[in-house]
Amino acid sequence: MTTTLLRGRTLSFLRWPDSADDHASYAYEADGAVLMRDGRIAAVGAYERVAAEAGSGARVVDHRPHLILPGFIDAHVHVPQMQIIASYGAELLEWLNKYTFPEETRFIDAQHGRRIARTFLDEMVRHGTTTVAAYCSVHKQSAEAFFAESHDRNMLNIAGKVMMDRNAPEGVLDTPQASYDDTKALIAEWHGRGRQLYAITPRFAITSSPEQMEMAGQLAREHPDLHIQTHLSENHAEIAFTQELYPWSRDYTDIYEHYGLLGKRTLLGHCIHLGERESDAISEHGSIAVFCPTSNLFLGSGLFDYHRYRRREKPLRIATATDVGGGTNYSMLRTMDEAYKVIALNGEKLNPLASYWQLTRGNAESLSIADKVGTLEVGTDADIVVLDARATPGMRLRMERVETLAEELFLLQTLGDDRAVAEVYVAGRPAKSTMDQAA
């Protein structure tokens, strides 16, 4: 039995924080501890109490004065796009045709897929992210490579091979039947194996024929416990092209609704330009709008109206994500910094506590995995990030004037990146320092 006691300032959220002064929304210990036993959290609270419960045999790791939080969760990433991040000057459809699709043809090579999967998960861990919802390429072997690498690390990740049979180069197309067969085989092999979860992944309506959308819907009916992930209303040209391809639809969202792809585990990337009917439909089905601020800004797609979606009479469930490689950074800290700016451009603010609720418990609730990750609650998986608010000279200088926890969190969000991540634990085992030592 492996027992480790982490000492530091512990922070975990209980609910949405209404303001930066909403102290009832979180559990915080200035001298706290997390007891990890066999990959799960066995106790959390004040250090003296938890240390007494741990007994003399526990390995103690003292992270003071750092903050100990649940590991970050990224609700929308593209693993095959690592080598096209920071590609210049395109909006969405040109981005896909010029950079993305040619790059993804390379993933027919299983060795290339394994190399990128390994590097990708290294980057996630380095930036404090312990769970992602990932798009692989159209090739079955790309998903196999990702799941194998994730399983070797004992990470909880959600992923799927994309289904796409039109409007892209031959090297990234499958067929309706092949996409069904490959997805079924991957579900059988990987869903529920260790901590792996499968997501049915029609890329978006533009690259799936009606026949393939039918197959995606059939998969959803056959596996109602699985996640579904796709893209929705990211870009005006995308929306117009989609409606040309599906002229019978009332709007873009209606296509996914028609094929039975909306539900409580459906992750809809972007959702920037939704009509009111679309927002109502998404809300009624309990689906999730995934906010990808760095990507939306980089591709010039638009501003996600975060607070309006949350406050409307039929509110939307929201998750946040890097959307690498349209997104420009692997860090969820950098992502929430850009989210703050997008929300400010819409005339509002996101308080610092809400940012950290979102990228931990909030994203876990949106992904329906809060029983496993996203909190420091006893019995959940011990996926943890340790943050150092004095990681750089500029941060140290700013911390001299910081007086509250909310101010420190905002500093970490605004100036922090991978350098602020002191350690990461995946299922109770140190991951960042182990990876650094191996390098």
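Atoms considered below: every heavy atom in the structure, side chains included; atoms not considered: hydrogens, waters and symmetry mates.
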List the atom pairs, with distances to 0.1 Å, where a side-chain N or O of residues 185-195 and a protein N or O form a donor-acceptor pair under 3.5 Å, not counting sequence neighbours.
unit_1, atom_1, unit_2, atom_2, d
His191, ND1, Tyr198, N, 3.0
His191, NE2, Asp225, OD2, 3.4
Arg195, NE, Asp381, OD2, 3.3
Arg195, NH1, Asn154, O, 2.8
Arg195, NH1, Asp383, OD1, 3.3
Arg195, NH1, Asp383, OD2, 3.4
Arg195, NH2, Asp381, OD2, 2.9
Arg195, NH2, Asp383, OD2, 2.8

(request) Please step through side chain to side chain donor-acceptor pair (under 3.5 Å) for the pair Gln413 and Ser355, ending with a clear verdict. (result) CA-CA 8 Å; Gln413 173 185 310; Ser355 287; 2.8 Å; yes

(message) Do Tyr26 and Leu405 have side chains that approach each other closer than 4.5 Å (heavy atoms only, starting at C-beta)?
(response) yes

(message) Please tell me whether Gln141 and Arg114 have a donor and an acceptor in their side chains that are separated by less than 3.5 angstrom.
(response) no

(request) Determine yes or no for a side-chain-to-main-chain donor-acceptor pair under 3.5 angstrom, with Ser295 supplying the side chain and Cys292 the backbone. (result) no

(request) Indicate yes or no: does Arg15 engage Glu365 in a salt bridge with an N to O separation below 4.0 Å. (result) no

(request) If a pair satisfies salt bridge (Lys or Arg N to Asp or Glu O under 4.0 Å) and one of its residues is in residues 392-401, list it, with sequence neighbours excluded. (result) none

(message) If we count only N and O atoms by modelled type, under 3.5 Å, do the side chains of Gln218 and Glu222 hold a donor and an acceptor together?
(response) yes

(message) Any side-chain to backbone donor/acceptor pair from Thr183 onto Tyr180? Under 3.5 Å, distance only.
(response) no

(message) Whether the side chain of Thr360 engages the backbone of Tyr356 through a donor-acceptor N/O pair (distance < 3.5 Å, no angle test) should be reported.
(response) yes

(request) Please examine the side chains of Phe107 and Ile116, heavy atoms only from C-beta on, and report whether any two atoms are closer than 4.5 Å. (result) yes

(message) Could you check whether Arg311 pairs with Glu348 (Lys NZ or Arg NE/NH1/NH2 to Asp/Glu carboxylate O, under 4.0 Å)?
(response) yes

(message) What's the separation between atom CG in Leu415 and atom CG in Leu333, rounded to the nearest 0.5 Å?
(response) 10.5 Å

(request) Enumerate the residue pairs fulfilling ring pair (Phe, Tyr, Trp, His ring centres under 6.0 Å) with a member in residues 2-22, sequence neighbours excluded, ordered by first and then second residue. (result) Trp16-Trp357

(request) Say whether, by atom type as modelled, one donor and one acceptor occur between the side chain of Ser208 and the main chain of Met163 under 3.5 angstrom. (result) yes

(message) How long is the straight-line distance from NZ of Lys184 back to CD1 of Ile200, given to the nearest 0.5 Å?
(response) 9.0 Å

(request) State, with a plain yes or no, whether a side-chain heavy atom of Thr130 is found less than 4.5 Å away from one of Met124. (result) no

(request) Output yes when a side-chain donor or acceptor of Gln196 lies under 3.5 Å from a complementary backbone atom of Leu156, and no otherwise. (result) no

(message) Counting C-beta onward and ignoring hydrogens, is there a side-chain heavy-atom pair between Leu376 and Ile384 closer than 4.5 Å?
(response) yes

(message) Tell me whether Glu104 is salt-bridged to Arg203, with the criterion being a basic N under 4.0 Å from an acidic carboxylate O.
(response) yes

(request) Scan side-chain atoms only and decide if Glu29 and Thr10 contain a donor-acceptor pair under the 3.5 Å cut-off. (result) no

(message) Please enumerate all residues that pass side-chain contact (heavy atoms from CB on, under 4.5 Å) together with Asp251, with sequence neighbours excluded.
(response) Gln243, Thr253, Asp254, Arg277, Glu278

(request) Could you name each residue pair satisfying ring pair (Phe, Tyr, Trp, His ring centres under 6.0 Å) that touches residues 394-438, not counting sequence neighbours? (result) His63-Tyr425, Tyr340-Phe410

(request) Report yes if the side chains of Thr230 and Leu268 come closer than 4.5 Å at any heavy-atom pair, otherwise no. (result) yes

(message) Can a donor-acceptor pair be found, under 3.5 Å and without considering hydrogens, that links the side chain of Thr266 to the backbone of Leu261?
(response) yes

(request) Quick one: which residue pairs count as a salt bridge (Lys or Arg N to Asp or Glu O under 4.0 Å) with a foot in residues 124-144, not counting sequence neighbours? (result) Glu123-Arg126, Arg126-Asp418, Lys140-Glu144

(request) Taking the side chain as every heavy atom from C-beta outward, state whether Thr322 and Met332 have any atom pair closer than 4.5 Å. (result) yes

(request) State whether a side-chain donor-acceptor pair under 3.5 Å links Glu338 with Asn296. (result) no

(message) Tell me which pairs pass salt bridge (Lys or Arg N to Asp or Glu O under 4.0 Å) where either residue lies in residues 280-293, with sequence neighbours left out.
(response) Asp280-Arg312, Glu284-Lys314

(message) Given 3.5 Å as the limit, does a donor-acceptor pair link the side chain of Ser366 with the main chain of Ala364, or not?
(response) no

Please list, one pair per line, the donor and acceptor atoms closer than 3.5 Å that link side chains of residues 299-307 to other protein atoms, with sequence neighbours excluded.
unit_1, atom_1, unit_2, atom_2, d
Asp305, OD2, Arg308, NE, 3.0
Tyr306, OH, Gln358, OE1, 2.6
His307, NE2, Lys349, O, 2.7

(request) Answer whether the closest heavy-atom distance between the side chains of Asp323 and His78 falls below 4.5 Å. (result) yes

(request) Look at the side chain of Lys161 and the backbone N and O of Ala143, then say whether any donor-acceptor pair between them is shorter than 3.5 Å. (result) no

(request) Answer yes when Asp152 and Arg118 have at least one side-chain N-carboxylate O distance shorter than 4.0 Å, and no when they do not. (result) no

(message) Parallel, tilted or perpendicular: which one describes the rings of Tyr135 and His231, with boundaries at 30° and 60°?
(response) tilted

(message) Restricting to side-chain hydrogen bond (donor to acceptor under 3.5 Å, both in side chains), what partner residues turn up for Asp62, sequence neighbours left out?
(response) Arg64

(request) Output every pair passing salt bridge (Lys or Arg N to Asp or Glu O under 4.0 Å) with a member in residues 422-435, not counting sequence neighbours, ordered by first then second residue. (result) Lys432-Asp436

(message) Donor-acceptor check, side chain of Thr335 to backbone of Ser331, threshold 3.5 angstrom: yes or no?
(response) yes

(request) With sequence neighbours excluded, tell me which residues meet ring pair (Phe, Tyr, Trp, His ring centres under 6.0 Å) with Tyr99. (result) Trp95

(message) Please enumerate all residues that pass ring pair (Phe, Tyr, Trp, His ring centres under 6.0 Å) together with His227, with sequence neighbours excluded.
(response) none

(message) Using side-chain heavy atoms (C-beta onward) and a distance below 4.5 Å, is Phe72 in contact with Thr320?
(response) no

(message) Donor-acceptor pair, distance only, cut-off 3.5 Å: does the side chain of Ser142 make one with the backbone of Ser137?
(response) yes

